[in-house]
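Chain naming here is simple, since letters A, B, ... match the order of the sequence lines and numbering starts at 1 in each. Just so it is clear, the model here is predicted, and its values are computed rather than measured.
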Number of protein chains: 2
Amino acid sequence: MKIGDLAKRTGLSTHTLRYYERIGLLPYADRDRSGQRDFDASILTWIEFLGRLKTTGMPIRDMLRYAALRDEGDATGSSRRQILEVHREQVRTQIAELQECLLVLDTKIAGYASDEQRTKENDARPNARRKPLRSRTAGPVTH
Amino acid sequence: MKIGDLAKRTGLSTHTLRYYERIGLLPYADRDRSGQRDFDASILTWIEFLGRLKTTGMPIRDMLRYAALRDEGDATGSSRRQILEVHREQVRTQIAELQECLLVLDTKIAGYASDEQRTKENDARPNARRKPLRSRTAGPVTH
DNA sequence: ATACCCCTTCGAGCGCGCTCTAAGTCAAGG
DNA sequence: CCTTGACTTAGAGCGCGCTCGAAGGGGTAT
């Protein structure tokens, strides 16, 4: 499988795929006689799993640790399991935090909701006037 | 309230607080006669709310849009509500994704679990050997 | 042979969100 | 008076995860 095809299948750019290989997140792919990468189809599973790790906020450096252990073979199974168990716990925490935030958002939105009738709460502005600022800090102001 | 106190209370560094003021995420704070910031206690509520937005992945540029509307006063209530409603939807999606990933992690871990007995599945390595690489790309290798 | 398009490597650049340094001011305590 | 320590501004630098550009090669269709 060529890199372009893999890109289409995974939604990653060819640039990103090469980058991943370069840093060791993907195994070094076979090259055909003209030097082009020929990916094994099984790479799809691995990339998908990496996607899960990424979605759940695992930094690349940790994925690299995991990938390295994977390369070392069977003996590293329990280390890998441990990494995943620790990570799973972080994901659980993350979900709990988000759910808490969701409640706060609900409350806040409810405060704005009541029939376009303004409540004090949602409009409280701490320190009076806000300085426009943004002199040399930013360019054409995109905000 | 001095910036140092506020830093302690919020867990943000004084650097970060000044940075937030600079970009307009915090209102321009009053200065005492010697030029030092004197924050209104009500800023705590705002910072806490910003924290929620941050936790849920809202980029600073969007927080700035929200903050700007807030400064414009009561008339912007419905725009602000809209921003939050859109964001809430994204948070919900995010949570759903994480929960899906959690299931995948559970499965993966279960695969490693079974009494230290290696299963094929969890060790499948796509393209044979992995090149060490990492020649000029990185320094002393921290991974 | 000539396009055309996808591929290659190497290395620079970018957007984000801080984070830190430098150089200096100010107020309180010993 | 002198030190200490928290504060001030302006601006440079950093870690992350890509993202892109330049310069060139290969294989196929016309």
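The existence of a salt bridge linking B:Arg88 and A:Asp106 is confirmed by a sub-4.0 Å separation between a basic side-chain nitrogen and an acidic carboxylate oxygen.
For the residue pair A:Ser13 and A:Thr16, a side-chain donor N or O sits within less than 3.5 Å of a side-chain acceptor on the partner. Side-chain polar atoms of A:Arg80 and B:Tyr112 form a donor-acceptor pair below 3.5 angstrom.
Under 4.0 angstrom from either OP1 or OP2 of D:dT8 there lies at least one side-chain N or O belonging to B:Arg37. Between B:Lys54 and C:dG17 there is no side-chain N or O to OP1 or OP2 distance below 4.0 Å. Side-chain N/O atoms of A:Tyr20 include one lying less than 4.0 angstrom from OP1 or OP2 on D:dC18.
The line from CG of A:Leu98 to CG of A:Leu103 is 11.5 Å long, rounded to the nearest 0.5 Å.
Atom CD of B:Glu97 has more than 12 neighbouring heavy atoms from other residues, nucleotides or ligands inside a 6.0 Å radius.
With rounding to whole Å, B:Asp38 atom CG is found 15 Å from C:dC26 atom C1'. Between the P atom of C:dT25 and the NZ atom of B:Lys2 lies a distance of 18 Å, rounded to the nearest Å. Distance CG (A:Leu17) to P (D:dC18): 11 Å, rounded to an integer number of Å. B:Leu25 places its CG atom 11 Å from the C1' atom of C:dG17, with the value rounded to the nearest Å. Taking atom CZ of A:Arg31 as the reference point, atom C1' of C:dT8 lies 9 Å away to the nearest angstrom. Protein atom CE of A:Met58 is 11 Å distant from nucleotide atom P of D:dG17, rounded to whole Å. Going from atom CD1 of B:Ile23 over to atom P of D:dT9 covers 15 Å, rounded to whole Å. Whole-Å rounding puts the B:Glu21 CD to D:dT9 P distance at 7 Å.
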Report task. Starting at the 5' end of nucleotides 20-30 of chain D, put B wherever the base has a protein heavy atom under 4.0 Å, S where only the sugar-phosphate does, and a dash everywhere else. Result -> B----BSS---
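Looking at A:Met58, A:His87, A:Arg52 one by one, the single match for side chain to side chain contact (heavy atoms under 4.5 Å, CB included) with B:Cys101 turns out to be A:Arg52.
The cationic group of A:Lys2 does not satisfy the cation-pi geometry with A:Phe39, failing either the under 6.0 Å distance to the six-membered ring centre or the 45° limit from the ring axis.
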Requested in this report: Show the numbers, then the answer: is there a salt bridge (charged side-chain N to carboxylate O under 4.0 Å, His left out) between B:Arg65 and B:Glu72?
Outcome: CA-CA 11 Å; B:Arg65 282 205 308 129; B:Glu72 284 174 33; over 6 Å; no
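Base engagement by A:Arg18 is indicated by at least one non-hydrogen atom pair under 4.0 Å involving a base atom.
Closest approach of B:Ile43 and B:Pro27 over heavy atoms only: CD1-CD, 3.5 Å.
Taking the side chain of A:Tyr19 as heavy atoms from C-beta on, and the options C:dC18, D:dC18, C:dT9, the nearest nucleotide is D:dC18.
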Check the interface with nucleotides 14-16 of chain C: list each N/O to N/O pair with the protein under 3.5 Å, or write none.
unit_1	atom_1	unit_2	atom_2	d
C:dC16	OP1	B:Arg61	NE	3.2
C:dC16	OP1	B:Arg61	NH2	2.6

